[in-house]
Student: 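Here it is, the structure in full.
Any value given below was found using the heavy atoms of this structure, including those in side chains, with hydrogens, waters and symmetry copies removed. Values in this document were obtained by computation on a predicted structure and should not be read as measured data. Counting begins at 1 with the first residue of the sequence.
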Amino acid sequence: MRRALAGIALAVTSMVALSFLIPLALLVREQARDRVTTVAEQRASALSPVLALTTRRADVQQAVAELGSSDQLVVRLPDGGFVGDPHAPKDALDRAVRGRETLAVDTADGWVYLQPVVLRGDRVAVVEAYVPAADLTRGVAASWGVMALLALGLVGGSVLVADRLGARVVRSSRGLKRASLALGSGDLDVRVEPDGPPELQEAGVAFNTMADRVVDLLAVERELVADLSHRLRTPLTALYLEADRMGATPSARRVTEAAGQLESELDSIIAAARTPLAAAQLGGAGAATAKPCDVAEVVAMRLDFWSVLATQQGRPYERSLTPRPAPVAFPEDDLAAVVDALIGNVFRHTPQGTAFAVRVERADRHVFLTVDDAGPGVADPEAALTRGVSVGGSTGLGLDIVARAAGAADGELTITRAPLGGARVRVSFGLAGAHGGR
């Protein structure tokens, strides 16, 4: 922007300066010429009374010497003789004598003024006033130089002012840009100092107002999430009481274990919800440097949990876990949540007795977690990956959570048709370490 404003100022000021300088330069040259030619004409006219009184050569020479040098003031006497060295062309002199008319003639050496003087006896003398070419333009070059310097100063000053104005605008714009990027990256404390033109100052004030509003809304949202999560403690307490009534049975232990895990998750949600966004982002950025966990081990652990429910519902299942280490730089709790979301979808969206299969495979750079089922499948995989949109009557968050987790681990989520006839959900995770393998 600074360069554009400076260029505009340069172009506009240059055009304005030229529009004044060119006519002014021509006027200065004409005025210099008029000044010296007027003086020459006055000197020529001053000889007319002398010639009217006498045409003696000595008297005329004396009068010429008093008025100017013989180089610039010449008299052609009625007898054809000259006092001084003539510069006018012969035809111009003859014309002045015969026609008795005043002439001004430009020659190669300068300018000549011829003024005839009619004497007694119908005799004609001619006074010639000569101005050399150098005198015609004397002082013009200096005047033009002064005007050029003034024009350059005007153009330079306008460009400097435009550059300073542009620098102020650019500085304010860059400040707004940096603040916007900082706010977008999670720095909720960033504010701008309104500066620059009034419009940018208003934009700065509006940005600060927006940032304050964002902080307020996020605070309200965090507290709302914490409050909603806390409400789940009431049914959780009811689960604990129900498990106590069931006594020391395997079902009671499973209910107690599930309730304990749910309570731990709720505590994590409440703590995360009340953590400022910047701190939360630091934690999110740390996911890339989290202690690696083995995908096969986590999947085996969660399958042991789900296998009890699968047996109760008569669901046959298969597991195929790679024997090779499959470490990923991803928190173990988050990976367990991904596995639970995928297997839980099978239990929620397929009838009891529907078979499913879980497979973990390792490639050169990625680990692949695949969950197949023999259910009805997913008619619109793209819609199933849209956050908040469910194809089975749930909240529509499970697959979105899995997709975001895969993206955070340098992987992706795909939904296709499984060999069992239902849906195949395949998640990839980038292997921990440079380029994966070991």
Side-chain angles (χ1 to χ4, degrees), residues 1-44 71-72 87-89 92 102-113 129-184 190-211:
M1 180 178 290
R2 290 178 61 181
R3 185 176 299 177
L5 288 177
I8 292 173
L10 176 63
V12 173
T13 311
S14 298
M15 288 189 293
V16 172
L18 288 176
S19 65
F20 281 96
L21 282 179
I22 293 176
L24 186 59
L26 296 176
L27 179 61
V28 167
R29 188 180 66 178
E30 291 300 321
Q31 285 183 338
R33 180 186 178 94
D34 291 343
R35 184 179 65 253
V36 295
T37 56
T38 300
V39 172
E41 292 174 2
Q42 291 174 349
R43 288 190 301 175
D71 291 340
Q72 297 185 7
H87 298 276
T102 301
L103 298 176
V105 181
D106 287 313
T107 66
D109 299 329
W111 179 81
V112 177
Y113 176 73
Y130 169 70
V131 179
D135 291 347
L136 291 174
T137 58
R138 189 180 304 279
V140 173
S143 299
W144 284 3
V146 172
M147 289 189 293
L149 290 177
L150 290 175
L152 288 176
L154 176 63
V155 173
S158 65
V159 171
L160 181 61
V161 171
D163 180 72
R164 292 298 88 199
L165 176 61
R168 189 181 178 195
V169 173
V170 169
R171 183 171 59 251
S172 301
S173 302
R174 287 177 176 173
L176 278 173
K177 174 187 174 182
R178 288 192 296 269
S180 300
L181 293 176
L183 182 64
V190 66
R191 298 294 185 272
V192 298
E193 184 67 29
D195 189 18
E199 292 80 4
L200 284 178
Q201 292 183 16
E202 294 176 0
V205 172
F207 174 86
N208 291 339
T209 303
M210 177 193 68

Student: Would you give the length of the straight line joining atom OG of Ser172 to atom NZ of Lys177, rounded to the nearest 0.5 angstrom?
Tutor: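 If we round to the nearest 0.5 Å, Ser172:OG and Lys177:NZ are 14.5 Å apart.
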Student: Do you know which two heavy atoms are closest between Tyr130 and Asp109, and how far apart they sit?
Tutor: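 Nearest pair, atom of Tyr130 first, then Asp109: OH-O, 3.2 Å.
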Student: Is there a side-chain contact between Pro132 and Gln72, using heavy atoms and a 4.5 Å cut-off?
Tutor: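 SC-SC contact between Pro132 and Gln72 confirmed.
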Student: Tell me, do Val36 and Trp111 make a side-chain contact under 4.5 Å, heavy atoms counted?
Tutor: no
Student: Nearest heavy-atom pair of Arg29 and Val140: which atoms, and what distance?
Tutor: CA-CG2, 4.0 Å
Student: So do the side chains of Tyr113 and Thr102 get within less than 4.5 Å of each other, counting heavy atoms only?
Tutor: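 Yes. Closest side-chain heavy atoms under 4.5 Å.
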Student: I'd like to know if the side chain of Asn208 and the backbone of Val192 have a donor-acceptor N/O pair within less than 3.5 Å.
Tutor: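 Side chain of Asn208 to backbone of Val192, a donor-acceptor pair under 3.5 Å: yes, one is there.
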Student: Find the distance between OG1 (Thr209) and CD (Glu202) and round it off to the nearest 0.5 Å.
Tutor: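 If we round to the nearest 0.5 Å, Thr209:OG1 and Glu202:CD are 11.5 Å apart.
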Student: Yes or no on side chain to side chain contact (heavy atoms under 4.5 Å, CB included) for Thr13 and Leu154, after CA distance, side-chain angles and deciding distance?
Tutor: CA-CA 8 Å; Thr13 311; Leu154 176 63; 3.8 Å; yes
Student: Val105 and Ala92: which non-hydrogen atoms are nearest, and at how many Å?
Tutor: CG2-CB, 4.2 Å
Student: What distance separates Leu150 CG from Leu24 CG, expressed to the nearest 0.5 Å?
Tutor: 10.0 Å
Student: Applying side chain to side chain contact (heavy atoms under 4.5 Å, CB included), run through Met147 and Phe20 and close with a yes or a no.
Tutor: CA-CA 10 Å; Met147 289 189 293; Phe20 281 96; over 6 Å; no
Student: Closest approach of Trp144 and Ala25, non-hydrogen atoms and distance?
Tutor: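 The answer is NE1-O, 3.1 Å.
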Student: Can you check side chain to side chain contact (heavy atoms under 4.5 Å, CB included) on Leu10 and Val155, steps first, answer last?
Tutor: CA-CA 6 Å; Leu10 176 63; Val155 173; 3.3 Å; yes
Student: Say you draw a straight line from CG of Leu176 to CG of Leu181; how long is it, rounded to the nearest 0.5 Å?
Tutor: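 So the CG of Leu176 and the CG of Leu181 are separated by 11.0 Å.
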Student: Tell me, do Asp195 and Arg171 make a side-chain contact under 4.5 Å, heavy atoms counted?
Tutor: yes
Student: Give, for atom CG of Asp34 and atom CG of Leu27, the distance between the pair rounded to the nearest 0.5 Å.
Tutor: 9.0 Å
Student: I need the minimum non-hydrogen distance between Gly204 and Pro194, along with the two atoms involved.
Tutor: C-CG, 4.4 Å
Student: Just how far is it from atom CG of Asp135 to atom OG1 of Thr37, taken to the nearest 0.5 Å?
Tutor: 11.5 Å
